[in-house]
Amino acid sequence: MSPTPEQRRAARHQLGTGSSAPAARRGPSGGRKKPITVDAIISTAFGIVEAEGYDALTMRRVATALETGPSSLYAHVVNKEDLDELLIGRLCAEIELPEPDPATWRQQIAGVCTQLRDQYLRYPGISRAAFAAAPSNLDTLRVGEGMLAILLAGGIDPQIAAWALDSLSLYVNAYSLEVSLASSRIGRGDDGWVVSRDELLRRFAALPDTFPHTRRYAAELTAGTVHDRFDFTIGLMIDGLPGAR
């Protein structure tokens with residue numbers, strides 16, 4: 001008897017791989033189409049997110065792109081949540097983890113966070129797939145293991161390191177989602193919600209006298225790029241950890 005999708009998923013977690021045996025195509029054109037595999041599903045899903053954004057990603061949309069029906073996908077992927085986990089795992093597999101160094105742990109943990117940010121920003125909105133999910137994919141867990149090792153090398157108490165890992169990951173996910181949403185609105189020409197710094201300065205300057213601090217410090221409030229703010233926040237979170245060396 002062939003393994004169920006749930007058994008295939010469990011096997012992927014044990015082996016740390018997204019591969020699977022190809023499913024045979026049916027129908028008169030079956031022999032001319034590429035076989036369906038987990039890798040093919042993942043690659044197709046990434047293509048959809050890159051071109052249309054994460055909101056466009058559904059099992060039916062992936063099936064259409066692969067010229068098959070959704071039922072063919074369920075032989076390899078349990079459901080949309082399973083696909084989400086595979087996508088995040090594939091991105092995490094490309095993260096380079098340094099050997100933990102007590103002398104440079106701050107730079108190391110910030111560097112891993114930056115890599116995660118850059119991976120998420122390649123695919124608009126995909127960091128949503130990492131929210132409210134307990135990771136079980138080995139590639140995703142590998143990144144968590146590496147980040148925890150870096151924090152521990154910095155002399156952080158294990159409990160604080162564990163919570164710091166959660167906080168840093170949550171910030172990276174949220175930051176990436178916000179940047180993706182802003183970029184999407186700009187792409188749609190929705191200038192009413194995403195404005196330039198000059199326009200924001202003009203709006204702040206036009207505020208009534210009941211906003212004295214916002215008017216006076218408008219330049220500071222609008223200074224820097226989004227990545228400048230990312231670096232500042234990550235640094236603030238790391239430097240604020242109790243017991244850090």
Side-chain angles (χ1 to χ4, degrees), residues 85 87-183 194-197 200-201 204 211-245:
E85 188 175 58
L87 294 175
I88 297 300
R90 179 65 61 85
L91 294 179
C92 286
E94 298 183 24
I95 301 296
E96 295 183 5
L97 297 171
E99 186 66 27
D101 181 0
T104 61
W105 71 272
R106 285 180 171 83
Q107 294 89 334
Q108 288 183 331
I109 197 69
V112 174
C113 289
T114 299
Q115 287 188 68
L116 278 171
R117 176 201 73 189
D118 292 345
Q119 285 291 85
Y120 290 150
L121 291 181
R122 291 169 56 193
Y123 302 99
I126 203 167
S127 64
R128 280 176 53 189
F131 282 108
S136 56
N137 183 285
L138 292 187
D139 288 317
T140 305
L141 288 169
R142 179 188 70 91
V143 173
E145 170 76 13
M147 293 177 69
L148 184 59
I150 293 171
L151 292 168
L152 294 174
I156 307 300
D157 175 82
Q159 183 61 77
I160 294 174
W163 286 347
L165 172 60
D166 181 63
S167 298
L168 288 166
S169 300
L170 183 61
Y171 174 70
V172 172
N173 293 348
Y175 170 90
S176 302
L177 178 58
E178 182 180 53
V179 172
S180 294
L181 289 174
S183 298
V194 182
V195 298
S196 67
R197 186 190 185 204
L200 198 54
L201 286 170
F204 284 169
F211 295 87
H213 298 302
T214 302
R215 292 178 59 180
R216 180 175 180 180
Y217 298 107
E220 288 80 1
L221 289 169
T222 59
T225 67
V226 289
H227 283 357
D228 288 337
R229 293 166 182 254
F230 177 89
D231 294 341
F232 170 81
T233 305
I234 291 293
L236 195 67
M237 295 172 74
I238 294 170
D239 290 340
L241 293 175
R245 294 172 182 165

Taking [Y]'s backbone N and O only, do any of them form a donor-acceptor pair with [X]'s side chain (distance below 3.5 Å, no angle check)?
X: Ser180; Y: Pro124; result: no
X: Gln108; Y: Glu99; result: yes
X: Asp166; Y: Trp163; result: no

Which residues pass the side-chain hydrogen bond (donor to acceptor under 3.5 Å, both in side chains) test with Thr222, sequence neighbours left out?
->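 With neighbours one apart ignored, the set is Arg197.
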Could you pull out all residues at least two apart from Asp101 that satisfy side-chain hydrogen bond (donor to acceptor under 3.5 Å, both in side chains)?
->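 In terms of side-chain hydrogen bond (donor to acceptor under 3.5 Å, both in side chains), with neighbours along the sequence ignored, Asp101 is linked to Thr104.
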Side chain to side chain donor-acceptor pair (under 3.5 Å) partner of Tyr175, chosen from His227, Arg229, Arg117 | His227
Enclosure of Glu96 CD (heavy-atom neighbours >12, cutoff 6.0 Å) |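 Atom CD in Glu96 is not packed in, count stays at 12 or less.
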Can you name the side-chain contact (heavy atoms from CB on, under 4.5 Å) partners of Arg106, sequence neighbours left out?
-> Ile238, Asp239, Ala244
Closest approach of [X] and [Y], non-hydrogen atoms and distance?
X: Ala219; Y: Leu201; answer: N-CD2, 3.9 Å
X: Leu152; Y: Pro158; answer: CD2-CA, 3.8 Å
X: Leu177; Y: Gly125; answer: CD1-CA, 4.1 Å
X: Val143; Y: Leu97; answer: CA-CD1, 4.1 Å

Out of curiosity, [X] [atom1] to [Y] [atom2], how far, rounded to the nearest 0.5 Å?
X: Leu168; Y: Asn173; atom1: CG; atom2: CG; answer: 11.0 Å
X: Cys113; Y: Ile95; atom1: SG; atom2: CD1; answer: 10.0 Å
X: Leu148; Y: Leu141; atom1: CG; atom2: CG; answer: 11.5 Å

Answer yes if the ring centres of Phe230 and Tyr171 are under 6.0 angstrom apart, and no otherwise.
-> yes
Between the side chains of Glu85 and Thr140, does any donor sit under 3.5 Å from an acceptor?
->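 The answer is no; no qualifying pair exists.
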Between Glu94 and Arg122, is there a side-chain N and carboxylate O pair less than 4.0 Å apart?
->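 A salt bridge is present here (some side-chain N lies under 4.0 Å from a carboxylate O).
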Ring pair (Phe, Tyr, Trp, His ring centres under 6.0 Å): pairs with one or both residues in residues 123-156, sequence neighbours excluded =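 For residues 123-156, and leaving out neighbouring residues, the ring pair (Phe, Tyr, Trp, His ring centres under 6.0 Å) pairs sorted by first residue read Phe46-Tyr123.
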Residue pairs meeting ring pair (Phe, Tyr, Trp, His ring centres under 6.0 Å), one or both in residues 137-160, sequence neighbours left out, come to none
For residues 124-134, the salt bridge (charged side-chain N to carboxylate O under 4.0 Å, His left out) pairs (sequence neighbours left out) are Asp55-Arg128
